[in-house]
Enquirer: 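Take this structure first; my questions come after.
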Number of protein chains: 2
Amino acid sequence: MKSVQIETGHVSIYDIASVAGVNPSTVSRALNNRDRIGTETKERILKIARELGYQPSAVARSLVTSRTLTIGVVAPFLGEMFIGRVIDGIESTAEKHGYQVMFSTSRHDPDRELKIATSFQRARVDAVIIVTTHLRSTHEIFARTLGVPVVVIGQQDRDSEIPVVAMDDALAIRQAVEHLLSLGHRSFGYVGVSDRLSSNSCRANAYLDTVRQNLPDSTVHVTTPCNKNDLSRGEAALPELLKRGITAVQCYNDLVAMGLLSAALRMGLDIPGDFSVIGFDDLEISAALPVPLTTIHQPRLRLGRHAVEMVLELLNGAPVSQRMLSGDLVIRQSTGKPGNRGK
Amino acid sequence: MKSVQIETGHVSIYDIASVAGVNPSTVSRALNNRDRIGTETKERILKIARELGYQPSAVARSLVTSRTLTIGVVAPFLGEMFIGRVIDGIESTAEKHGYQVMFSTSRHDPDRELKIATSFQRARVDAVIIVTTHLRSTHEIFARTLGVPVVVIGQQDRDSEIPVVAMDDALAIRQAVEHLLSLGHRSFGYVGVSDRLSSNSCRANAYLDTVRQNLPDSTVHVTTPCNKNDLSRGEAALPELLKRGITAVQCYNDLVAMGLLSAALRMGLDIPGDFSVIGFDDLEISAALPVPLTTIHQPRLRLGRHAVEMVLELLNGAPVSQRMLSGDLVIRQSTGKPGNRGK
DNA sequence: CTGTTAGCGCGTTCAG
DNA sequence: CTGAACGCGCTAACAG
């Protein structure tokens, strides 16, 4: 049993056809498990293919079938904590349906997004998934010029022509506010971010509205520091929050909350004694902070899964509408009753 | 100026050839900016191509050139904090040289790795980059059966046939130990991980050796909790560390250090008063912890960059040898003089 | 300078 | 049940 490894170039169905003494098309039928072929010759061909280490060329196949079985995915960054499980969801679902995934990072740069769009176009991807918190008009153009199904993950504010799967931020924020109200809080703060405005204002507005609905006379202070990253934004927000005597603060996401929490602990403050903090996302590390963070869980894996399913339906010509997933408040130790200072 | 958008299928060089009244090969020459073509006809063809919204088919081109200009990248996970900047380095460098990148996650699963290998093979990627802390024998097979250049990022313990770019862990650990020694520490601890054994033992051994070389009579305690993630491993190590009166601890990475730090703070301990902590990686969040973490910085962007450069050299037939990058100790607030309890 | 021809590796008609 | 021929979109040899 010697394995013959062809070093130069790849083995094609021609090679295996000549070894088997049959026509290439017969090999093709055997490999693709088609009807009109004898069981014995099929077995023989498959055996030879295995011995020769044959691997079908996806590019040749794509050229003739005019499908690449590939989904392009654009995200602002890979390697951010939020995106990890979303990617898992996308990759595993796509794989289950025989699709490959091609990732690219946009870095929030519209120029890069355009380059990626043309890159995907040249690669002839069958569909595209965009992960973004901010659906710009460029994305609509992106989708239209692409000429293939496009699905967006993560934006739920504006309604667009592009099918979207997202979490219902407002609904989740409402849960958070109710939690804070039930604890007895009366003066509220919100720490936002300056670089994801549409997503940020969606959360901020939900927060403001819910507080005001329940407690018309309460104080709500919104601050959006413009530091270079989320952690330092949270940190920067602390002095103002303290000055205003705020007892409960919702942050745009867990990283902001983490920055705020760290800064507070460094000052010797007690959380939630001095004030309560709620995050957004439920990152893996959030449960392991010095004060485990109360936060809103995003079903990130499911976001990825749904996006792929929507893409596949679109590919099948089925009509697809927006999907709204609900997130849940995860109560840990960063929230408590107000006014416990020095407890 | 009307833009004609072909909805069904893509425009090919045949389409633009028939519009321009020339032969498809002429179009090809014009598009690829070849020599033997008239300036005027070239301009005319390019104009028509633009108007038709032509995008060359990468799959057709790949079929004939037998190069896909694509580099396959396998990492245990995307969306981990460590991998982010590595990917940035890979993507930007590849892009600069006209290459695309195709990511896949192995999840530390050898079966998945094999599937990815064949997937890359079918996609006819020109080269592969493997990100791993543990180079198993399967990777060697992977590389050999692939038939294209393979480069590994992240493993520096064993020497392999595959070209590797990595950080010199031992050298960096030595810096860390010297820092601890100069602060006056005498009883040392190391918190490791149980699921990346080769990488872990490399760091642990460097730690042990350096301590013993400098201080033969000192105490060194190594513990490797086998909890499910790095954060809880750090947390789990705390009681034992305290019981043994250890004053200085090196952790396998920043996540372990973070878990340890959080647990210590939750217990009301003072860091570095009660004991000093050093991490490994220098993640973005490590500087923003309640006690900013002293840690070893990994040049992650450069790891990615070098890997691509090595791959390109290999593609050019140039011989490539291992590359060792050096990391630097970043001293923050989690390390200090020993015996300051209650300071 | 441009047109003609061939072929990359494969799927898919058609005949046989 | 199998072989022959064609075409996917493009590049690269040749001719002209």
Enquirer: For the NZ atom of A:Lys115 and the OG atom of A:Ser104, what is their distance to the nearest 0.5 Å?
Expert: 10.5 Å
Enquirer: With heavy atoms under 4.0 Å as the rule, sort A:Pro24 into base, sugar-phosphate or nothing.
Expert: nothing
Enquirer: With respect to the side chain of A:Ser28, which nucleotide from C:dT12, C:dT2, C:dG9 is positioned closest?
Expert: C:dT12
Enquirer: What does A:Ser62 touch in the nucleic acid at a heavy-atom separation under 4.0 angstrom: a base, only the sugar-phosphate, or nothing?
Expert: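 No contact at all - A:Ser62 keeps every heavy atom at 4.0 Å or more from the nucleic acid.
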Enquirer: B:Val59 near the nucleic acid: base, sugar-phosphate alone, or nothing, with a heavy-atom cut-off under 4.0 Å?
Expert: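 Nothing, no nucleic acid heavy atom in range.
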Enquirer: Which residue pairs satisfy the side chain to side chain donor-acceptor pair (under 3.5 Å) criterion with at least one member in residues 16-28 of chain A, sequence neighbours excluded?
Expert: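 Every pair satisfying side chain to side chain donor-acceptor pair (under 3.5 Å) with a residue in residues 16-28 of chain A: A:Asn23-A:Ser25.
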Enquirer: Under 3.5 Å, is there an N or O donor on one side and an acceptor on the other linking the side chain of B:Arg124 and the base of C:dG9?
Expert: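 For B:Arg124, whose side chain was compared with the base of C:dG9, there is no donor-acceptor pair (under 3.5 Å).
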Enquirer: For A:Asp15 and C:dG9, give me the distance from atom CG to atom P, rounded to whole Å.
Expert: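 A:Asp15 atom CG is separated from C:dG9 atom P by 8 Å.
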Enquirer: Below 4.0 Å from chain B heavy atoms, what is the first contacting nucleotide of DNA chain D and what is the last?
Expert: D:dG9 to D:dA15
Enquirer: Under the side chain to side chain donor-acceptor pair (under 3.5 Å) rule, collect the residues that match up with A:Asp111, sequence neighbours excluded.
Expert: none
Enquirer: If the condition is salt bridge (Lys or Arg N to Asp or Glu O under 4.0 Å), which residues does B:Glu161 pass it with, not counting sequence neighbours?
Expert: B:Arg144
Enquirer: Any salt bridge (Lys or Arg N to Asp or Glu O under 4.0 Å) involving residues 306-316 of chain B? Give me the pairs, sequence neighbours left out, ordered by first then second residue.
Expert: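 Residue pairs with at least one partner in residues 306-316 of chain B: B:Arg305-B:Glu309, B:Glu309-B:Arg323, B:Glu313-B:Arg323.
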Enquirer: Under the salt bridge (Lys or Arg N to Asp or Glu O under 4.0 Å) rule, collect the residues that match up with B:Arg122, sequence neighbours excluded.
Expert: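 In terms of salt bridge (Lys or Arg N to Asp or Glu O under 4.0 Å), with neighbours along the sequence ignored, B:Arg122 is linked to no residue.
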Enquirer: Return the CD1 to CD1 distance between B:Ile130 and B:Ile116, rounded to the nearest 0.5 Å.
Expert: 9.5 Å
Enquirer: Would you mind reading off the bend of the helix from C:dC1-D:dG16 to C:dG16-D:dC1 from its two end axes, five pairs each, to 10 degrees?
Expert: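 The angle, to the nearest 10 degrees, is 50°.
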Enquirer: For DNA chain C, whose closest nucleotide is more 5', that of A:Tyr54 or that of B:Gly21?
Expert: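 Between the two, 5'-proximity favours B:Gly21.
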Enquirer: What is the distance from CZ of A:Arg61 to P of C:dT12, rounded to the nearest Å?
Expert: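 Spelled out: CZ on A:Arg61 to P on C:dT12 is 9 Å.
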Enquirer: Under the salt bridge (Lys or Arg N to Asp or Glu O under 4.0 Å) test, which residues partner A:Arg29, sequence neighbours left out?
Expert: none
Enquirer: Going by the rule salt bridge (Lys or Arg N to Asp or Glu O under 4.0 Å), which residues pair with B:Arg107 if we only count those two or more places apart in sequence or in a different chain?
Expert: A:Glu91
Enquirer: With A:Arg124, which residues qualify under side chain to side chain contact (heavy atoms under 4.5 Å, CB included), at least two apart?
Expert: A:Thr68, B:His10, B:Gln55, B:Ser57, B:Val59
Enquirer: Between N or O atoms, less than 3.5 Å apart, protein on one side and nucleotides 5-8 of chain C on the other: list the pairs.
Expert:
| unit_1 | atom_1 | unit_2 | atom_2 | d |
| --- | --- | --- | --- | --- |
| C:dC8 | O2 | B:Val64 | N | 3.4 |

Enquirer: According to ring-ring contact (aromatic ring centres under 6.0 Å, His included), who are the partners of B:His108, at least two apart in sequence or on a separate chain?
Expert: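 Testing B:His108 for ring-ring contact (aromatic ring centres under 6.0 Å, His included), a comparison that skips the adjacent residues, returns B:Phe77.
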Enquirer: If I take atom CD1 in residue A:Ile13 and atom P in nucleotide C:dG11, what distance separates them, rounded to the nearest angstrom?
Expert: 6 Å
Enquirer: How close or far is atom P of C:dG11 from atom CD1 of A:Ile16, stated in whole angstroms?
Expert: 11 Å
